[in-house]
Enquirer: 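Quick one: structure below, then a few questions.
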Amino acid sequence: MRYPKRIVCLTTEPTEVLYLLGEQDRIVGISGYTTHPAIARKEKPKVSAFTSAKIDKILALQPDLVIGFSNLQADIAASLIRAGVEVHIFNQRSVAQVLNMIAVTGALVGATEKAAQLIATLEKILDEAQKTASKFTIKPKVYFEEWDDPMMCSIRWAMELIELAGGADCFPELSHFHSAKDRIVTPQQVVERQPDIIIGSWCGKKFQPEQVMTRKGWEDLPAVKHGFVREIKSADILQPGPSLITHGLKQIQAIIQEWQIFQARSV
């Protein structure tokens, strides 16, 4: 079979996967928001943002496959399809779907076995996290904030990682919504949930814990009173590729384990 040799990745996730599979030589263009791996930014030309792309520049690279993520890239995909380019858009929103994305990406480039090995490695990390969490007798309530204005709570994969690490997401009933506008919450709703931990990861800008802690009525939240307002950089938790597990999950685990130690000492 002939597999694609000139791939443009419109987001960081397929770039990360192809590098981990050792198939990075197939990549001829990447997103300017690529973070994993860092070397990709030095080696590959940047041809897109997230919701916009340089169509002429992409076409000039003569790709035989373009890979993207999310319904938000539908217009980019349509323009490339009309130009005769083969396009595959993933839409993963859960940890299981991230693993499936890896499997499909591996199949697209003829690296099925390597993809299976990568998935097995990631599943082992997930299993170990779950085993560690099973030893906890108390689950801290975790409020995960994806954006501050308006306030948006956790997307599905973040909620799942919080649960895997031994926490209880404050808004599990909202995390299953694909659209960010359906995950908007109010300061009062957060107060009502009384989170033990607040994790901020504002997509595209630095989290400001001081700003969060001074919100009206938040000074008495357990997370604020006990100093558990923390940041996980968006590159490690809001880009649904392998780094969710290798970087994001491990940071969530560290925060929850620190809280468990604090809780044990406070009893």
Enquirer: Distance check, rounded to the nearest 0.5 Å: E160 atom CD versus S175 atom OG?
Expert: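 Taking CD in E160 and OG in S175, the distance rounds to 7.5 Å.
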
Enquirer: Do side-chain atoms of R41 reach the backbone of G32 as a donor and acceptor pair under 3.5 angstrom?
Expert: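 At least one qualifying donor-acceptor pair exists.
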
Enquirer: Does atom NZ of K114 have more than 12 heavy-atom neighbours, drawn from other residues, nucleotides or ligands, at distances under 6.0 Å?
Expert: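 Yes, because the 6.0 Å sphere around NZ of K114 holds more than 12 heavy atoms from other groups.
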
Enquirer: Measure the CG-CD distance between L21 and E16 for me, rounded to the nearest 0.5 Å.
Expert: 10.0 Å

Enquirer: If hydrophobic clusters are built by linking Ile, Leu, Val, Met, Phe, Trp and Tyr wherever their side-chain heavy atoms come under 4.5 Å apart, do F262 and I198 end up in the same one?
Expert: no

Enquirer: Once rounded to the nearest 0.5 Å, what's the spacing between atom CD1 of I252 and atom CD1 of I197?
Expert: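 I252 atom CD1 to I197 atom CD1 measures 10.0 Å (nearest 0.5 Å).
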
Enquirer: From L238 CG over to S154 OG, what is the distance, rounded to the nearest 0.5 angstrom?
Expert: 10.5 Å

Enquirer: Where does the angle between the aromatic ring planes of F207 and W202 fall among parallel (under 30°), tilted (30 to 60°) and perpendicular (over 60°)?
Expert: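 Because their plane-to-plane angle is over 60°, the rings of F207 and W202 count as perpendicular.
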
Enquirer: So, H36 and D236: side-chain donor and acceptor under 3.5 Å apart, yes or no?
Expert: yes

Enquirer: Main chain of W157, side chain of R93: is a donor-acceptor contact present, judged purely on distance under 3.5 Å?
Expert: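 Flag not set: sc R93 to bb W157 has no pair under 3.5 Å.
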
Enquirer: Can K141 and D169 be counted as an ion pair, charged N to O under 4.0 angstrom?
Expert: no

Enquirer: Any luck finding a side-chain donor-acceptor pair between Q188 and T186 under 3.5 Å?
Expert: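 On atom types as modelled, these side chains do not qualify, holding no pair under 3.5 Å.
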
Enquirer: State whether K225 and E219 are salt-bridged, where the test is any N-O pair (Lys NZ or Arg NE/NH1/NH2 against Asp/Glu carboxylate O) under 4.0 Å.
Expert: no

Enquirer: As a quick check of understanding, evaluate salt bridge (charged side-chain N to carboxylate O under 4.0 Å, His left out) for K139 and D196, giving each step before the final call.
Expert: CA-CA 9 Å; K139 287 187 175 185; D196 299 297; over 6 Å; no

Enquirer: Which is it for Q239 and T35 under the side-chain contact (heavy atoms from CB on, under 4.5 Å) test, yes or no, and what are the steps along the way?
Expert: CA-CA 9 Å; Q239 297 173 340; T35 53; 2.8 Å; yes

Enquirer: To the closest 0.5 Å, what do you measure between OG1 (T34) and CG (L10)?
Expert: 9.5 Å

Enquirer: Donor-acceptor pair, S31 side chain versus T12 backbone, under 3.5 Å?
Expert: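 Such a contact is absent between S31 side chain and T12 backbone.
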
Enquirer: Going through the checks in order, is the side-chain contact (heavy atoms from CB on, under 4.5 Å) test met by V191 and W218?
Expert: CA-CA 7 Å; V191 170; W218 284 37; 3.6 Å; yes

Enquirer: List the atom pairs, with distances to 0.1 Å, where a side-chain N or O of residues 242-250 and a protein N or O form a donor-acceptor pair under 3.5 Å, not counting sequence neighbours.
Expert:
from : atom 1 : to   : atom 2 : distance (Å)
T246 : OG1    : P242 : O      : 3.3

Enquirer: Charged N to carboxylate O under 4.0 angstrom, E163 versus R156?
Expert: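 Salt bridge between E163 and R156, a charged N being under 4.0 Å from a carboxylate O: no.
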
Enquirer: Strictly by modelled atom types, are E43 and Y19 linked by a side-chain donor-acceptor pair under 3.5 Å?
Expert: yes

Enquirer: So if you build clusters from Ile, Leu, Val, Met, Phe, Trp, Tyr with side-chain heavy-atom gaps below 4.5 Å, do V87 and L65 land together?
Expert: no

Enquirer: Might you work through the salt bridge (charged side-chain N to carboxylate O under 4.0 Å, His left out) test for E173 and R193, ending with a clear yes or no?
Expert: CA-CA 13 Å; E173 73 278 12; R193 303 290 168 112; 2.9 Å; yes

Enquirer: Please report the C-alpha distance between K5 and D25 in whole Å, then the side-chain angles of each, then the deciding distance to 0.1 Å, and finally whether the salt bridge (charged side-chain N to carboxylate O under 4.0 Å, His left out) criterion is met.
Expert: CA-CA 8 Å; K5 295 180 179 180; D25 288 347; over 6 Å; no

Enquirer: Evaluate side-chain contact (heavy atoms from CB on, under 4.5 Å) for D148 paired with Q211, printing each intermediate quantity in order.
Expert: CA-CA 10 Å; D148 63 321; Q211 176 186 321; 3.3 Å; yes

Enquirer: Do I89 and V104 belong together in a cluster built from hydrophobic side chains that touch within less than 4.5 Å?
Expert: no

Enquirer: Go through the steps for M152 and V185 under the test side-chain contact (heavy atoms from CB on, under 4.5 Å), then give the verdict.
Expert: CA-CA 6 Å; M152 296 176 183; V185 296; over 6 Å; no

Enquirer: Just wondering, are more than 12 heavy atoms of other shown residues or ligands nearer than 6.0 Å to OH in Y33?
Expert: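 Open.
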
Enquirer: Does the S52 side chain pair with the main chain of S48, one donor and one acceptor, at a distance under 3.5 Å?
Expert: no

Enquirer: Which pairs, with at least one residue in residues 258-267 and sequence neighbours excluded, count as a side-chain hydrogen bond (donor to acceptor under 3.5 Å, both in side chains)?
Expert: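 Pairs touching residues 258-267 that pass the test: R230-E258.
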
Enquirer: Is the distance from the ring center of F144 to that of F171 below 6.0 Å?
Expert: no

Enquirer: Does K46 NZ have over 12 foreign heavy atoms under 6.0 Å away?
Expert: yes

Enquirer: Would K131 and E128 satisfy salt bridge (charged side-chain N to carboxylate O under 4.0 Å, His left out), going step by step from the backbone distance to the final call?
Expert: CA-CA 5 Å; K131 286 178 183 176; E128 289 175 351; over 6 Å; no

Enquirer: Check this for me: K216, atom NZ, are more than 12 non-hydrogen atoms of other residues, nucleotides or ligands nearer than 6.0 Å?
Expert: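 Check fails, neighbour count at 12 or below.
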
Enquirer: Measuring from L122:CG to D127:CG, what's the distance to the nearest 0.5 Å?
Expert: 11.0 Å

